[in-house]
Undergrad: 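Following this message is one structure expressed as structure tokens.
The chains referred to below are lettered A, B, ... by the order of the sequence lines, with proteins before strands, and numbering in each begins at 1.
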2 protein chains.
Amino acid sequence: MSVCDYYRRMSNDASEAWTLLFRLFVSQRGRVPQVAAEFDLSPMQAHVLRMLEPDQPLPMRTLARKLCCDASNVTGIVDRLEERGLVRRDAAPGDRRVKMLVVTSNGLEVRRRIVRRLSEAPEPIARLSATDQRALREILNRALEPGL
Amino acid sequence: MSVCDYYRRMSNDASEAWTLLFRLFVSQRGRVPQVAAEFDLSPMQAHVLRMLEPDQPLPMRTLARKLCCDASNVTGIVDRLEERGLVRRDAAPGDRRVKMLVVTSNGLEVRRRIVRRLSEAPEPIARLSATDQRALREILNRALEPGL
DNA sequence: TATTGTTATACTCTATAACTATA
DNA sequence: TATAGTTATAGAGTATAACAATA
């Protein structure tokens with residue numbers, strides 16, 4: 001089945017649900033920049049700090065792939081986080097080309113607070129009925145099941 | 001279950017649903033840049049073109065507010081869209097300070113194609129059951145009801 | 001030869017501040 | 001005085017290309 005066929009087969013419900021989701025994204029566009037600014041970070045710096053999970057060192061290259069951006073960008077972003085003492089470049093065991101990103105203890109504290117602030121449901125979600133909130137949570141769990 | 005527990009559970013559903021939504025956003029982070037690149041536009045240029053609805057001239061200032069950014073940025077973004085012949089600055093009736101943004105006929109065609117590409121539901125939504133897709137659409141309709 | 005991370009470059013987005021022309 | 005849009009500036013994100021070190 002071609003990609004074209006795949007999208008032709010797509011239901012109106014899927015497309016309309018996605019369009020509504022997109023509107024929700026757009027309406028919340030300011031959230032990450034706002035929370036980042038509270039910690040004197042750029043949106044991308046806050047995003048990267050959020051992606052680096054505690055006790056899970058990540059090669060620069062892998063981070064670049066997760067960010068959907070060129071590896072050269074990661075150098076600068078990590079430079080600035082390292083200057084702030086929030087992350088560290090560690091040597092990778094077994095391959096001297098690779099640098100592993102690790103969140104420092106300072107970084108962990110800032111990260112915890114950023115994650116907390118970003119987990120606060122915005123108004124469009126908060127005002128849904130308890131039933132809708134639960135249904136939404138369950139549907140999204142199924143959508144993201146294989147681990148996106 | 002106490003009243004307190006009841007409300008704690010409610011807000012957990014909201015917060016968890018939002019966290020899942022956030023993961024979905026992040027997983028689709030590359031979509032706008034990718035589609036924009038197909039039309040040789042920057043992500044922000046594509047976003048602005050998408051926001052300018054046909055036959056609805058928009059003052060620069062209003063666009064700045066919608067973008068959650070300073071008005072000075074809009075000048076540059078619109079400059080580049082205007083150089084490409086996709087939008088036009090028209091005089092506003094009644095206030096000579098204001099410039100109204102209008103999508104040109106070329107711009108309308110590009111916009112139509114961008115909107116179409118972006119309305120294609122991504123894999124996490126497309127693979128949901130028909131029931132889930134419909135439920136998702138209805139819940140999101142309620143969430144965005146007053147017009148976000 | 002291929003891969004990882006870096007540097008250099010050019011472009012875009014961003015906020016801030018100062019400016020102009022209107023109101 | 002206040003507002004709409006612009007300019008100038010500096011910092012940050014982005015892709016591309018070229019490079020050193022390592023595999």
Undergrad: Map S72(B) and I77(A) onto DNA chain D by nearest heavy atom, then report which one ends up closer to the 5' terminus.
TA: S72(B)

Undergrad: May I have the distance from R80(A) (atom CZ) to dA10(D) (atom P), rounded to whole angstrom?
TA: 17 Å

Undergrad: Return the value, rounded to whole Å, for the distance between atom CG of D40(A) and atom P of dA15(C).
TA: 15 Å

Undergrad: Do D70(A) and S72(A) pair up side chain to side chain, a donor and an acceptor below 3.5 Å, judged on atom types alone?
TA: yes

Undergrad: Should the pair D79(A)-R89(A) be classified as a salt bridge under the 4.0 Å nitrogen-to-oxygen rule?
TA: yes

Undergrad: Could you check how far CG of L67(B) sits from C1' of dA15(C), rounded to whole Å?
TA: 14 Å

Undergrad: From C-beta outward on S42(B), which listed nucleotide comes closest to its side chain: dA15(C), dT6(D), dT12(C)?
TA: dT12(C)

Undergrad: Could you tell me if T104(A) and N106(A) have a donor-acceptor pair between their side chains, going purely by distance under 3.5 Å?
TA: no

Undergrad: For the pair made of CZ in R29(B) and C1' in dG13(D), what is the distance, rounded to whole Å?
TA: 10 Å

Undergrad: OP1 or OP2 of dT6(C) less than 4.0 angstrom from a side-chain nitrogen or oxygen of R89(A), does that happen here?
TA: yes

Undergrad: Search all heavy atoms of P59(B) against all heavy atoms of V98(B) and return the closest pair with its distance.
TA: CB-CG1, 3.8 Å

Undergrad: Map A71(B) and G76(B) onto DNA chain C by nearest heavy atom, then report which one ends up closer to the 5' terminus.
TA: G76(B)

Undergrad: Counting the atoms with a prime plus P, OP1 and OP2 as sugar-phosphate, which does R96(A) contact under 4.0 Å by heavy atoms, base, sugar-phosphate, or nothing?
TA: sugar-phosphate

Undergrad: If you take atom types as modelled and just measure distance, does the side chain of T75(B) reach the base of dT7(D) with a donor-acceptor pair under 3.5 Å?
TA: no

Undergrad: With respect to the side chain of V98(B), which nucleotide from dA17(D), dA23(C), dG5(D) is positioned closest?
TA: dG5(D)

Undergrad: With respect to the side chain of M44(A), which nucleotide from dT16(C), dT14(D), dG5(C) is positioned closest?
TA: dT14(D)

Undergrad: Could you state the atom-to-atom distance from CG of D95(B) to P of dG5(D) in whole Å?
TA: 8 Å

Undergrad: I need the CD-P distance between Q34(B) and dA15(D), as an integer number of Å.
TA: 12 Å

Undergrad: Which pair of non-hydrogen atoms, one from S119(B) and one from S15(A), has the smallest distance, and what is that distance?
TA: O-OG, 3.1 Å

Undergrad: Whole Å only: how far is the CZ atom of R84(A) from the P atom of dG11(D)?
TA: 15 Å

Undergrad: Whole-Å distance between dA4(D) C1' and D70(B) CG?
TA: 12 Å

Undergrad: Considering only dT6(D), dT14(D), dT6(C), which nucleotide approaches the side chain of K99(B) most closely?
TA: dT6(D)

Undergrad: Please determine whether any donor N or O and acceptor N or O are separated by less than 3.5 Å between the side chain of R97(A) and the base of dT3(C).
TA: yes

